[in-house]
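One structure is given here, and the rest of the page talks about it.
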Amino acid sequence: MGYMKYKGYKGSVEYSPEDRCLFGKVQGLFGTLISYEGESVEEIKKDFEGAIDDYLESCERRGIAPAKPYSGKLNLRMPSELHAAIATAASTSGTTINDFINKSMREVVHLAQR
């Protein structure tokens, strides 16, 4: 699967052998579906960007705020022992639990992208 970006939105790109077309949807939106398709890379890119533009224009006409991909808030559940260990490690390193977890996840994501 591939991805495209436009105006802060990220969209997937997949291929359907049955329909012989490319298709995708905007990632990270809760309660909102924006999908698009095309028979070529140029077509799907144009449809993706058009779908985003249409969505943003529709929100503006209706006077509502557009949904933002990935709000930045994540409710995370973990064992209490791990929570305590993270709190201790964060305190020892002179940072907050939130900053400690963000730094750790950046490192993990960086390693995973290699």
Side-chain angles (χ1 to χ4, degrees):
M1 179 179 348
Y3 294 98
M4 300 180 288
K5 292 182 182 177
Y6 181 67
K7 294 187 176 180
Y9 292 87
K10 181 178 180 180
S12 63
V13 178
E14 297 184 60
Y15 179 69
S16 169
E18 301 84 31
D19 299 322
R20 297 180 53 139
C21 74
L22 299 167
F23 69 96
K25 68 178 182 176
V26 174
Q27 304 294 294
L29 298 182
F30 179 74
T32 301
L33 174 63
I34 303 173
S35 61
Y36 42 87
E37 64 182 48
E39 293 184 8
S40 68
V41 172
E42 293 79 19
E43 281 185 20
I44 193 169
K45 184 176 187 291
K46 183 178 178 181
D47 202 41
F48 168 63
E49 292 176 358
I52 297 294
D53 289 339
D54 290 347
Y55 172 68
L56 295 173
E57 289 169 13
S58 172
C59 289
E60 187 175 338
R61 278 193 314 274
R62 295 181 292 152
I64 62 171
K68 295 290 182 188
Y70 303 108
S71 69
K73 297 177 183 178
L74 177 65
N75 185 9
L76 179 65
R77 292 179 178 81
M78 65 180 70
S80 60
E81 298 82 14
L82 178 58
H83 190 170
I86 291 170
T88 300
S91 178
T92 301
S93 66
T95 188
T96 65
I97 291 174
N98 191 67
D99 288 343
F100 183 83
I101 290 173
N102 276 305
K103 181 177 184 270
S104 300
M105 291 298 95
R106 277 189 200 93
E107 291 172 8
V108 168
V109 167
H110 177 74
L111 289 173
Q113 291 175 339
R114 286 185 173 177

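Since we're looking at a predicted model, the values are computed, not measured. Counting begins at 1 with the first residue of the sequence.
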Margin query: Test of understanding: with salt bridge (charged side-chain N to carboxylate O under 4.0 Å, His left out), list the residues that count as partners of K25, not counting sequence neighbours.
Written below: none
Note to self: Applying salt bridge (charged side-chain N to carboxylate O under 4.0 Å, His left out), can you list everything that pairs with K5, at least two apart in sequence or on another chain?
What the structure shows: none
Checklist line | Closest non-hydrogen atom pair between S35 and A51, with its separation | finding: O-CB, 4.1 Å
Margin query: Using the side chain to side chain donor-acceptor pair (under 3.5 Å) criterion, which residues pair with T92? Sequence neighbours excluded.
Written below: none
Next item on the list: Give a yes or no on whether Q27 atom CD has more than 12 heavy-atom contacts from other residues, nucleotides or ligands under 6.0 Å away.
Entry: yes
Next item on the list: Any chance you could pull the hydrophobic cluster mates of L111, using side-chain heavy atoms under 4.5 angstrom and chaining through other members?
Entry: none
Checklist line | Pairs flagged by ring-ring contact (aromatic ring centres under 6.0 Å, His included) wherever residues 27-51 is involved - sequence neighbours left out | finding: Y36-F48
Next item on the list: Go through the structure and list residues passing side chain to side chain donor-acceptor pair (under 3.5 Å) with D19, not counting sequence neighbours.
Entry: S16
Item checked: Listed once per pair and sorted, the salt bridge (Lys or Arg N to Asp or Glu O under 4.0 Å) pairs that draw on residues 72-94, sequence neighbours left out -> none
Notebook entry, point to check: Between Y15 and R20, what is the shortest heavy-atom contact and its length?
Noted result: OH-CA, 3.6 Å
Checklist line | With E49 via salt bridge (charged side-chain N to carboxylate O under 4.0 Å, His left out) - residues at least two apart | finding: K45
Item checked: Nearest heavy-atom neighbours spanning G8 and P69 -> O-CG, 3.4 Å
Notebook entry, point to check: Does some side-chain heavy atom of V13 sit less than 4.5 Å from a side-chain heavy atom of M4?
Noted result: yes
Next item on the list: Please collect all side-chain hydrogen bond (donor to acceptor under 3.5 Å, both in side chains) contacts where either partner lies in residues 50-62, sequence neighbours excluded, each pair once.
Entry: Y6-D53, K7-D53, S58-R62
Next item on the list: For D47 and E43, indicate whether the former's side chain and the latter's backbone hold a donor-acceptor pair under 3.5 Å.
Entry: no
Check: Just by distance, do the side chain of S93 and the backbone of A89 share a donor-acceptor pair under 3.5 Å?
Finding: yes
Note to self: If you compare all heavy atoms of A67 against all heavy atoms of Y9, which two are closest, and at what distance to 0.1 Å?
What the structure shows: O-OH, 2.8 Å
Check: Got a second to check how far I34's CD1 is from L29's CG, nearest 0.5 Å?
Finding: 5.0 Å
Next item on the list: Output the rest of the hydrophobic cluster of L76: all Ile, Leu, Val, Met, Phe, Trp and Tyr residues reachable through side-chain heavy-atom contacts under 4.5 Å, sorted by chain and number.
Entry: M78, L82, I86, I97, F100, I101, M105, V108
Margin query: Checking S80 now: which residues fulfil side-chain contact (heavy atoms from CB on, under 4.5 Å) with it, not counting sequence neighbours?
Written below: none
Note to self: Test: salt bridge (Lys or Arg N to Asp or Glu O under 4.0 Å). Region: residues 90-114. Which pairs qualify, not counting sequence neighbours?
What the structure shows: K103-E107
